Amino acid sequence: KVAYATVAASDYNNFVVPFNLTPQKIDAPLTGISSSYLPSLALDNSGLLYIADRDTTTPGIQVFDTSNNQKIEGPINTGLPPNDILFVKP
């Protein structure tokens, strides 16, 4: 199974990288998001990855399909830069 992590480079740019613990492998960062502050990630039950992107010009929620790591939507405007993402099960 693949997991995702936000990583910060020494120049303070942020990236979301897919990784697999068995075997230990880190894939290329996801594309189509800013390198700004990315404070939160959340995975829904259908396998979509939601990323809070606090880009200074177009902040919002970015949505990726985890089956191919392709961006399918975003940035979704949240009014103010997003800080966290949480799914609540009904």
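Just so it is clear, the structure is predicted and the values come from calculations on it, not from any experiment. Atom set for the values below is all heavy atoms of this structure, side chains included, hydrogens, waters and symmetry mates excluded.
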Do you reckon [X] sits in the same ILVMFWY cluster as [Y], going by side-chain contacts under 4.5 Å, direct or chained?
X   : Y   : value
L21 : I26 : yes
L38 : F19 : no
V7  : L49 : no

field: Least distance between heavy atoms, I33 atom then Q62 atom
entry: CG2-CG, 3.4 Å
field: Within 6.0 angstrom of F87 CZ, more than 12 heavy atoms from elsewhere
entry: yes
query: Would you say N45 has more than 12 foreign heavy atoms packed within less than 6.0 Å of its CG?
result: no
Within residues 73-90 or reaching into it, pairs that qualify as salt bridge (Lys or Arg N to Asp or Glu O under 4.0 Å) - sequence neighbours excluded: none
task: Please report the C-alpha distance between T6 and N14 in whole Å, then the side-chain angles of each, then the deciding distance to 0.1 Å, and finally whether the side chain to side chain donor-acceptor pair (under 3.5 Å) criterion is met.
output: CA-CA 7 Å; T6 302; N14 286 251; over 6 Å; no
message: For I85, is there any backbone N or O sitting under 3.5 Å from a side-chain donor or acceptor partner on S40?
response: yes
Just how far is it from atom [atom1] of [X] to atom [atom2] of [Y], taken to the nearest 0.5 Å?
X   : Y   : atom1 : atom2 : value
D65 : Q70 : CG    : CD    : 8.5 Å
Y12 : S36 : OH    : OG    : 15.0 Å
D53 : I51 : CG    : CD1   : 8.0 Å

message: Out of the candidates V17, L30, V16, only one should pair with N69 under the side-chain contact (heavy atoms from CB on, under 4.5 Å) rule; please name it.
response: L30
Residue list, salt bridge (Lys or Arg N to Asp or Glu O under 4.0 Å) with D44, at least two apart or on another chain: none
Minimum side-chain heavy-atom gap T58-P75 below 4.5 Å: yes
query: Do I61 and T78 touch side chain to side chain, with heavy atoms closer than 4.5 Å?
result: yes
message: Taking the six-membered ring for Trp, are F64 and Y4 closer than 6.0 Å centroid to centroid?
response: no
task: Step by step, work out the side-chain contact (heavy atoms from CB on, under 4.5 Å) result for V63 and I76.
output: CA-CA 9 Å; V63 185; I76 300 168; 3.9 Å; yes
task: Not counting sequence neighbours, which residues clear side-chain contact (heavy atoms from CB on, under 4.5 Å) with P59? List them please.
output: P81, P82
